[in-house]
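Each chain gets a letter, A, B and so on, in the order its sequence line appears, and its residues count up from 1. Worth knowing before you read on, the calculation uses all heavy atoms, side chains too, and leaves out hydrogens, waters and symmetry mates.
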Amino acid sequence: MPELPEVETMRRGIAALSGARILEARFPVGRCRPLSMRPAPGRLAEALGGAVIGPVTRHGKRVAIALAGGGPDAWLVIEPRMTGLLLVADPPTEKHLRMELLLDGPVRRLLFWDQRGLGTIRLLDAAGLERACGGAALGPDGLVVTAEALAERLGASRRAVKVALLDQRAVAGIGNIYAAEILHRAAIDPRVPCRRLRSDDFERLARAARRVLASAVDHEGSSIGDELYRTADNRKGRFQRLHRVYGRAGHPCRRCGGAIARIVQAQRSTFFCPGCQRAAGARGLVPGRRRA
DNA sequence: CGTTCAACCTGGGCGC
DNA sequence: TGCGCCCAGGTTGAAC
């Protein structure tokens, strides 16, 4: 579910909790897969109880909640993955509530709810935070990525540009929805190998990434159909209304009127407009063409 | 180096 | 009503 815009919206929705003390941390029994929580829930609850919430930051698709109060520096790092939500409002169901933090501030509790349970909760020290969210793990944030950074990190790659944009080490925060929307705005064929892109393609790509992601943040992310994503105070995002290609296979392109296509790349759906997104793609993608 | 597959999970929608 | 299958916003590791 959440990509950069949704995770940033969650971050903003809980940023005001800074300064609140955690009175108690609860991890409902039986809903904690061993791999998704580190350390184990018991130790997690022990470490969180009594801590004071500090600044809340975002690193790609991860939220880091700084913890103060006595002990050494620590961060609670939450990765929502497909269906995770950080909520101050009531959860959709009690069933998939994974973590409940009771607070002493005006907001009484912070929840992590996750239907599919793929999300992760980790308590990290400074070294762990660097390992999980530092420059070796994550590329530049999608909101501020530059053409130079993209060209440097992807320029030599043979991978299709859509697949490469999902690589968090290249650029952080882009997922399946926004990769499609960004490439449409940049008018680049998702199948083009990165190495075939020229500097003006990288310029359009970086500008499209910044603009699409910033606009999606302004609209509080995308809540598609009856999907689960909500803001921390349980409102739907509004960016889905502005999608140009994602989820629109067979529908007319809002720019050229041609039919939006759906293909599969790296086992995931890619939506694009074959009419608008071929300027760069035409080079080297002629059917039947072999290397000389 | 790059791709493919499976795995981790739940749940909605579809055809039969 | 039920069953089997496919799909879904993500990430990781193994195999080729």
No-H, no-angle donor-acceptor pair, A:Arg268 side chain to C:dA8 base, under 3.5 Å:
no
Whole-Å distance between [N] [atom2] and [X] [atom1]?
X: A:Ile224; N: C:dG10; atom1: CD1; atom2: P; result: 10 Å
X: A:Arg38; N: C:dT11; atom1: CZ; atom2: C1'; result: 13 Å
X: A:Glu6; N: C:dG10; atom1: CD; atom2: C1'; result: 12 Å
X: A:Leu118; N: B:dG11; atom1: CG; atom2: P; result: 12 Å
X: A:Leu85; N: B:dT10; atom1: CG; atom2: P; result: 17 Å
X: A:Glu3; N: C:dA8; atom1: CD; atom2: P; result: 13 Å
X: A:Trp113; N: B:dT10; atom1: CH2; atom2: C1'; result: 9 Å
X: A:Gln115; N: B:dG12; atom1: CD; atom2: P; result: 7 Å

Check for a donor-acceptor pair, side chain of A:Thr9 on one end and backbone N or O of A:Pro5 on the other, with a separation under 3.5 Å.
yes
With no hydrogens and no angle check, is any side-chain donor or acceptor of A:Arg98 less than 3.5 Å from a backbone partner on A:Asp114?
yes
[N] phosphate, OP1 or OP2, under 4.0 Å from [X] side-chain N/O:
X: A:Arg81; N: C:dA8; result: no
X: A:Thr83; N: C:dA8; result: no
X: A:Lys95; N: B:dG11; result: yes
X: A:His96; N: B:dG11; result: yes

Tell me what A:Tyr246 touches on the nucleic acid: a base, only sugar-phosphate, or nothing, going by heavy atoms under 4.0 Å.
sugar-phosphate
Quick one: label A:Gln267 by what it contacts on the DNA or RNA (base, sugar-phosphate, nothing), any heavy atom closer than 4.0 Å.
base
Do A:Glu46 and A:Arg43 sit within salt-bridge range, that is, some charged N less than 4.0 Å from a carboxylate O?
no
Using a strict cut-off of less than 4.0 Å between a Lys/Arg side-chain nitrogen and an Asp/Glu carboxylate oxygen, indicate whether A:Glu79 and A:Arg122 qualify as a salt bridge.
yes
Below 4.5 Å, heavy atoms only, C-beta onward: do A:Asp141 and A:Leu4 meet side chain to side chain?
yes
Within a strict 4.5 Å, meaning less than it, do heavy atoms of the A:Leu123 and A:Leu67 side chains meet?
yes
Under a 4.0 Å heavy-atom cutoff, the residues of residues 151-175 of chain A touching DNA chain C are A:Gln168, A:Gly175
Contact list for residues 167-181 of chain A, test side-chain hydrogen bond (donor to acceptor under 3.5 Å, both in side chains), sequence neighbours left out:
A:Glu6-A:Tyr178, A:Arg159-A:Asp167, A:Lys162-A:Asn176, A:Asp167-A:Arg169, A:Tyr178-A:Ser222
Given Watson-Crick and G-U pairs under 3.5 Å, DNA chain C in dot-bracket ([ ] crossing, | other strand) is .|||||||.|||||||
For B:dA6 and C:dC5, measure between their P atoms and round to the nearest Å.
14 Å
Using the P atom on both, measure B:dT4 against C:dC7 and round to a whole Å.
16 Å
Selection residues 102-112 of chain A - residue pairs positive for salt bridge (Lys or Arg N to Asp or Glu O under 4.0 Å), sequence neighbours left out
A:Asp90-A:Arg109, A:Glu100-A:Arg109
Can you pull the ring pair (Phe, Tyr, Trp, His ring centres under 6.0 Å) pairs that have at least one residue in residues 139-158 of chain A, sequence neighbours excluded?
none
Under a side-chain separation threshold of 4.5 Å, the hydrophobic residues clustered together with A:Val52 are none
For the side chain of A:Arg116, counting heavy atoms from C-beta on, which of B:dC9, C:dT11, C:dC7 is nearest?
B:dC9
